[in-house]
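To start, the structure under review is shown below, and the notes come after it.
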Amino acid sequence: MKLFEYEAKNILTKYKIPTPNGGLATNLNQTRELTTKLKPPLAIKAQVLVAGRGKAGGILFANSTAEAEKAAEKLLKTQIKGIAVKSVWIEEKIQIKKELYFGITTDRFNQSYIVIASTVGGMEIEEIASKTPEKIIRFLINPHSGFHSFHARQIARKMGYAGNQLSELERIFEGLYRAGMDYDAELIEMNPLVETTDGKFVAADARIIVDDNALFRHQEYKNRLLEGESELTPQEAEAMKNDLAYVKLDGNIGVIGNGAGLVMATLDTIQYYGGKPANFLDIGGGAPAEKIATALKIVLSDPKVKALFVNILGGITRCDEVARGILEAKAKVGTTKPMVIRLVGTNEEEGKRILTEAHIHVLESMEEAAQRVVEISKYGGK
Amino acid sequence: MKLFEYEAKNILTKYKIPTPNGGLATNLNQTRELTTKLKPPLAIKAQVLVAGRGKAGGILFANSTAEAEKAAEKLLKTQIKGIAVKSVWIEEKIQIKKELYFGITTDRFNQSYIVIASTVGGMEIEEIASKTPEKIIRFLINPHSGFHSFHARQIARKMGYAGNQLSELERIFEGLYRAGMDYDAELIEMNPLVETTDGKFVAADARIIVDDNALFRHQEYKNRLLEGESELTPQEAEAMKNDLAYVKLDGNIGVIGNGAGLVMATLDTIQYYGGKPANFLDIGGGAPAEKIATALKIVLSDPKVKALFVNILGGITRCDEVARGILEAKAKVGTTKPMVIRLVGTNEEEGKRILTEAHIHVLESMEEAAQRVVEISKYGGK
Amino acid sequence: MVVIIDEKTRAIVQGITGAQGSFHTKLMLEYGTKIVAGVTPGKGGTKIYDLPVYDTVEEAQEKHSANASIIFVPAPFAADAALEALENGIKTIVIITEHIPIKDAVNVMAHAKKVGATIIGPNTPGIITPEKSKLGIMPAHIFKFGSIGIVSRSGTLTYEIAASLTRKNLGQSTCLGLGGDPITGLNFIDTLKMFEKDTQTKAVVLIGEIGGNLEELAAEYIMREKYPKPVIAFIAGRSAPPGKRMGHAGAIIMGKAGTAESKIEKFQSAGVKVAEKPGDVAELLAKLAI
Amino acid sequence: MVVIIDEKTRAIVQGITGAQGSFHTKLMLEYGTKIVAGVTPGKGGTKIYDLPVYDTVEEAQEKHSANASIIFVPAPFAADAALEALENGIKTIVIITEHIPIKDAVNVMAHAKKVGATIIGPNTPGIITPEKSKLGIMPAHIFKFGSIGIVSRSGTLTYEIAASLTRKNLGQSTCLGLGGDPITGLNFIDTLKMFEKDTQTKAVVLIGEIGGNLEELAAEYIMREKYPKPVIAFIAGRSAPPGKRMGHAGAIIMGKAGTAESKIEKFQSAGVKVAEKPGDVAELLAKLAI
């Protein structure tokens, strides 16, 4: 779960990591109240989770309070990459001497957390890594001993800092580690971490992605997520509520399957045959009929969907349950959109019988079914 | 630093460990407010840190609200072992089926924390250990892996519990461990942890001793300690403020020395020669003259002190500083109490010179000095 | 020889009384897996399928000395269960549970490393040595004993491919799911090493997906070590857009390593044939004529 | 041979620029200890007594490869400093700092055990091999080289006894303070083992105090192992009342083990002579005629 910039900065502040003076505003009154407390020049930043917010016009600058109010007003009426701006973060611009990068994420191969730091910051870390690989410092955190102040000092030294600056970075790095651990962050980064013209350090932007699987330990964010404050499509919100893994894509073939790998391979196969998937939807393992019906309803509620592909390889999931779910959904939604069903595995015969009796044709080969649905999406159903 | 029962119980509650319904009262109004909310029979417990509070009359029981108010009123006017009762904890009596013990403390030899549990509780753990050693369960906590829920289950099983009771104890034990770690407890115990007649568990009494050296991480208690809410004598409070290790004893010979071991050995030697030390006071290493002067003032302010023994073996501590401190204190306090000074080590000559010029005699042998001060304490000075 | 488990494996089931745990215990018993006991805290003293259930692994071990465990415990408690198995001397642990927090998984893996234990999963279908033993939840009837080793990051996709192999009479030595999470016990390289040593295994099918760089590292390993057995790869997620998580906690593209292109390219330059569709794997294997 | 440190020991000083650190570095250098560098975060690049000061132990080690460290860092940061030394390969660490929280000390000791390092302290005067090397804060002039090993839980009391030995011409092989805290690196048994192996040491003086059961365990060890060298003990705190902490965090009587009587009794039944006053130690040693 991606946190908003203001949420991330509030967390950093809690861990005594300096951030620019600033605050959140959702309307004009709040904007006015805020700007009187802040010293221009100011930055006004749309609180949206889309990548490339800056380039998409989501960050404005103002040299006066009046200008800042105008900028905030403008942003609060705008959409950034299709997402309505509900709040803006207004903060004092800082005097940049140098932009650094410091982040902590997971290292799959080493089964641990890893610090990535660089004396080049302000762009995506992947970009830094490809442009100036020699400036990337990687520090693997030993899960037994954790990340200590002295590790922070070692990194600060490798970044070329000494004296008070080294001690200041020590506190910031160590604080970020604790914040990351306490909030179950799968990614926590300061980018840029700015060295100011007077030699201080300020986290000018911060990003935190909380491990979805750990949200049970962070009820405040779980609630925020469920309240729909984040930027989910209606389908995504409905899927989340029903514990279905759904991702909206650009095409017109609705896809439902069991197991993330199988669904991904289904999308790939559709694409291989020239079709365009409208979504990813994994019903997970052992889904009962009602859950499958919900999945169908979600996918069919997307107006872009022209045809539906249900691809089930029954292991824990029972084909008869899937068949019943399909009929249930059909009855409730009353859809006339064409469906291609591929159903093999546990209780396959019973599933096929149920569907065949309802005049729904069932295929056995994934490839064949994919070809069929692509055809339909292009030229219409039979 | 010993916490009061109410502080310990509030911490337990924070970690979702059941304690009897109850609350704190410092006056009659609060007592009335409390008792209306609680269901008799009630226990009214003086909030003092002295050992053996129960036997000393610090715990009363009441079968009605009126009785409870009377009991609280009485306790709030009482002294328990010389300590005025400033507050009482009033709680509902619980139906006891069995009293258990569960505590976590440090294991010096294994350099770790250790769980001590027993199906016999309600008395001092040392007493349990000597009366029913076979009923003591010791579980060493591996500092690398910590104490996990499954460890708690293993202990609960060894205590003879199963089913829901096992799961309930799991939560309580694991919670107590987290509380102990989070609060830097050198001892945290539930004694008794009561199994109620309906098979639930309630921490009927709780004791937490916070590691003094970790108080910098627990400012709330550090402040409480300094505010003198705890039961320090004036000398102890003054010593604490000045970072001197002072312990009041029963005799009449004031003792000041550098280094805990040396001061203890000094007390022992005084006792060996038939004298009675009035206190333990360790000025620590490298104390400057002012600190030594403060130490003298503290010891001399105790009216029971008849004679003073200053025993310094200068290592980091400089004898000339000690000498100057003695003169400073003498001048300010204007004492006429006899002093025996033993002064050897770093800058010994200069220290002796300073004192000799002020007509204070200095001895070299600790034994000789101890004999001399015992004599004076018994038969008066020269 | 086969990999990790065989007929002699004596396993306990942690979380045996839950819906998933009991259901799959039955299937595993039917398949011939030697399940010796179950553990569910609070259910100690009961029985299920004639197996004794204990409150703690400690007690189960005192009485049964198992050498493997399969974990169905719910996510918030699964790491504790794994640590319990580790501390009680169990050296092979299959964690079926999905949605375990990363921080918990990191902790479990660190302890496993310290004591030299093998963790399969979390979020894995488990491991099967067809017709001999299975510690997992895969539908057993689609597998057949033979000489192809399968290692995968995904469940049903493995079944899809294994079933198509079985249909073409290409039996399997061992099929193992690493797990779909970002932090798993085994990685592709660990498993390639096991298959290398296993005389039963003649070729390896490696089923990867987008996210992470474990496939890239495996490709580098194959190239660097001149891996002696043929490897066929399939990568799911060619059509996945970056930044979107595709079901598995691991399946998200962040950065270049992690894309299907990156993985496919690396495999191809290591001489590993990459199937374009799941169905193509069997055909590529058939061409090896092993 | 002498115990733990000798002329070849190459030490760094962590917290070298502080009042205590710099003062004692000077004294150690004067005594002949090979101090090769200092570490104080934020002071890197400066010099003190011609010694280079670094921000991190890592850098100091890159340039000097020390094998010991003595730590004067303030209590809240001392555990971090010790872990830093451990992680950078230093196997002998003397922690002078007092008032380190128990939880931090437990953590440091666990890591030291894992890497096989020796920790002396915390809250110790350190270790001295008279006339050869000292890593500590003891006044050196009261010591004299010889054949008595001293191990103690207390600082000035050790000086008191060492000085009285020196006055009677009973020189010392090595004097070592375990530290006055509840959790320390070495215990009496560890040190007795070292003195047993050390051919220079002919007899051992063991200076204990109330609190804990390390003295009792040492007495049991001496009895059980029939410790081959004579041991003389002194226990401080005979007159201490229970429940009151006597200065040292360790010196508090809780329970029966922990009282002076318990310790004295155990030593006596192990055949260890116990001095009644500090001054008696030298006399008891003299009677041994070693």
Side-chain angles (χ1 to χ4, degrees), chain A residues 51 105-109 111-113 124-126 129-130 142-144 181 184 186-187 211-217 245 247-250 257-272 276-277 280-282 284-286 312-317 344-346 365-367 370, chain C residues 20 23 75-76 98-107 109-110 113-114 125 137-139 142 152-160 163 180 182-185 187 207 209-210 212-214 217 234 236-241 243-251 254-256 260 276-279:
Chain A
T105 184
T106 51
D107 181 320
R108 287 154 191 255
F109 186 73
Q111 303 165 322
S112 186
Y113 291 93
E124 290 286 310
I125 184 65
E126 289 86 4
S130 71
N142 180 327
H144 282 299
M181 287 300 111
D184 275 291
E186 57 181 71
L187 173 73
D211 178 2
D212 288 339
N213 290 338
L215 283 177
F216 70 90
R217 292 198 280 243
V247 181
K248 176 89 188 82
L249 300 171
D250 286 335
N258 63 328
L262 183 67
V263 180
M264 268 193 278
T266 307
L267 306 182
D268 296 349
T269 309
I270 288 170
Q271 187 173 277
Y272 176 83
K276 285 190 172 164
F280 167 104
L281 197 161
D282 174 13
I312 302 295
L313 197 152
I316 335 175
T317 309
V344 293
T346 310
S365 149
M366 174 170 156
E367 269 92 347
Chain C
Q20 290 269 316
F23 178 70
E98 59 179 339
H99 300 310
I100 296 179
I102 293 173
K103 196 166 70 177
D104 299 8
V106 164
N107 190 22
M109 301 317 155
K113 242 183 229 174
K114 202 167 67 172
I137 59 170
M138 56 285 277
I142 61 172
S152 170
R153 274 175 66 192
S154 128
T156 40
L157 183 54
T158 311
Y159 312 160
E160 180 79 40
I183 303 292
T184 57
N187 59 42
I207 304 171
E209 62 183 31
I210 52 166
N213 64 344
L214 295 184
L217 292 170
F234 176 80
R238 289 171 189 246
S239 57
K244 295 271 186 185
R245 172 167 300 167
M246 295 306 219
H248 279 175
M254 292 164 97
K256 196 169 167 283
E276 290 203 70
K277 307 190 299 304

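Quick note on labels: first sequence line is chain A, next is B, and so on, each numbered from 1.
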Is chain C contacted by the side chain of [X], its backbone, both, or neither, given a heavy-atom distance below 4.5 Å?
{"X": "A/Asp107", "value": "backbone"}
{"X": "A/Gln271", "value": "side chain"}
{"X": "A/Leu215", "value": "neither"}
{"X": "A/Phe216", "value": "side chain"}

- Query: Checking side chain to side chain contact (heavy atoms under 4.5 Å, CB included) for the pair A/Tyr113/C/Ile102: CA distance, chi angles, key distance, verdict?
  - Reply: CA-CA 9 Å; A/Tyr113 291 93; C/Ile102 293 173; 3.6 Å; yes

Looking at [X] and [Y], what are the two nearest heavy atoms and their distance?
{"X": "A/Ala265", "Y": "C/Leu157", "result": "CB-CD1, 3.6 Å"}
{"X": "C/Ile183", "Y": "A/Gln111", "result": "CD1-CA, 3.9 Å"}
{"X": "A/Pro143", "Y": "C/Val106", "result": "CB-CG1, 3.7 Å"}
{"X": "A/Asn213", "Y": "C/Pro101", "result": "O-CG, 3.5 Å"}

Out of [options], return the one with the most heavy atom pairs under 4.5 angstrom to chain A.
{"options": "C/Lys103, C/Lys114, C/Arg238", "value": "C/Lys103"}
{"options": "C/Ala110, C/Ala75, C/Pro139", "value": "C/Ala110"}
{"options": "C/Pro125, C/Pro76, C/Pro278, C/Ser239", "value": "C/Ser239"}

Identify which part of [X] has an atom lying under 4.5 Å from any heavy atom of chain A, answering side chain, backbone, both or neither.
{"X": "C/Gln20", "value": "side chain"}
{"X": "C/Ser152", "value": "neither"}
{"X": "C/Asn107", "value": "neither"}

- Query: Quick check: are there more than 12 heavy atoms from other residues, nucleotides or ligands sitting under 6.0 Å from NZ of A/Lys276?
  - Reply: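 Atom NZ in A/Lys276 is not crowded, with 12 or fewer foreign heavy atoms closer than 6.0 Å.
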
- Message: I need the A/Phe109 CZ to C/Asn213 CG distance, nearest 0.5 Å.
- Response: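 A/Phe109 atom CZ to C/Asn213 atom CG measures 8.5 Å (nearest 0.5 Å).
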
- Which distance, rounded to the nearest 0.5 Å, do you find between the CD of C/Glu209 and the CG of A/Leu262?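 Going from the CD atom of C/Glu209 to the CG atom of A/Leu262 covers 11.5 Å.
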
- Go through A/Met264 and C/Ile210 one step at a time and tell me if the side chain to side chain contact (heavy atoms under 4.5 Å, CB included) criterion holds. CA-CA 9 Å; A/Met264 268 193 278; C/Ile210 52 166; 3.6 Å; yes

- With side chain to side chain contact (heavy atoms under 4.5 Å, CB included) as the test, would you mind laying out the steps for A/Arg217 and C/Asp104 before giving the verdict? CA-CA 12 Å; A/Arg217 292 198 280 243; C/Asp104 299 8; 2.9 Å; yes

- Message: Please rank A/Asn142, A/Asp184, A/Thr106, A/Val263 by heavy-atom pairs under 4.5 Å with chain C and give me the top one.
- Response: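 Sorted descending by pairs with chain C, the first entry is A/Asp184.
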
- Query: Does C/Thr156 use its side chain to pair, donor to acceptor, with the backbone of A/Asn258 at less than 3.5 Å?
  - Reply: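 Side chain of C/Thr156 to backbone of A/Asn258, a donor-acceptor pair under 3.5 Å: yes, one is there.
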
- Between the main-chain N or O of C/Gly279 and the side-chain N or O of A/Glu367, is there a donor-acceptor pair closer than 3.5 Å?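 A pair under 3.5 Å: yes.
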
